[in-house]
Amino acid sequence: MSEKGDMLSMTNTKVTLEDYSIEESHELGIDCEVPIKLKQWKDWGAKKLSVETDEKGNAKGTVTTNRPSDKAPNPTVKVKQGNTLQQIVKREFGNTDNLFAIASLNKVAVPAVLAVGQVIQLKEGK
């Protein structure tokens with residue numbers, strides 16, 4: 001984040017850590033390098049297939065999807081003891097896909113550290 005609280009860049013890709021190594025060298029001084037190999041994570045899951053047969057005996061399958069939640073997130077949330085921004089976003093939206101956008105909106109530099117009683121805005125314009 002910039003000094004003003006704006007997000008400089010955001011990459012929100014699910015990955016798994018495939019390999020890493022710790023490399024030390026006198027050229028690095030007291031630092032070390034940790035090259036990593038990541039693999040993109042693809043969500044998967046069983047799908048429900050509904051098969052219908054017409055009068056002619058032709059079968060047609062359609063994948064049924066889960067209904068989206070009708071619950072709209074609250075426009076603001078008051079932080080309670082032990083809450084993190086990630087917990088609040090997960091509870092209100094069902095995922096953390098927009099965690100960094102909400103952190104930027106509220107100028108939260110460290111999403112794990114919130115003040116008790118702080119009001120977190122979940123939508124712009126309120």
Minimum side-chain heavy-atom gap Arg91-Val77 below 4.5 Å: yes
What is the minimum heavy-atom distance between Pro111 and Ala109, and which atoms define it? CD-O, 3.6 Å
Hey, does the side chain of Thr84 reach the backbone of Gln87 with a donor-acceptor pair shorter than 3.5 angstrom? yes
Validation row: Asn74, Glu92 side chains within 4.5 angstrom (heavy atoms): yes
Could you go through residues 17-24 and list every donor-acceptor pair under 3.5 Å that involves a side-chain atom there, pairing it with any protein atom two or more places apart or in another chain?
unit_1	atom_1	unit_2	atom_2	d
Glu18	OE2	Thr16	OG1	2.7

Whether the side chain of Asn98 engages the backbone of Ala101 through a donor-acceptor N/O pair (distance < 3.5 Å, no angle test) should be reported. no
Mind checking the OG1-CG spacing from Thr53 to Asn58? Nearest 0.5 Å is all I need. 8.5 Å
Quick one: list whatever passes side-chain contact (heavy atoms from CB on, under 4.5 Å) with Gln118, sequence neighbours left out. Val79, Val108, Leu114, Ala115, Ile120
In a table with atom names and distances, give each donor-acceptor pair under 3.5 Å that connects a side chain of residues 25-42 to protein atoms at least two apart or in another chain.
unit_1	atom_1	unit_2	atom_2	d
Ser25	OG	Glu27	N	3.2
Trp41	NE1	Asp43	OD1	2.9

Going by the rule side-chain contact (heavy atoms from CB on, under 4.5 Å), which residues pair with Val116 if we only count those two or more places apart in sequence or in a different chain? Gln81
First locate atom OG1 of Thr96, then atom CD1 of Ile88, and finally report the distance between them rounded to the nearest 0.5 Å. 13.0 Å
Point-to-point distance, once rounded to the nearest 0.5 Å, from NZ of Lys14 to CG of Asp97: 6.5 Å
Between NZ on residue Lys123 and CG on residue Leu105, distance to nearest 0.5 Å: 12.0 Å
Does the Asn106 side chain pair with the main chain of Ala103, one donor and one acceptor, at a distance under 3.5 Å? no
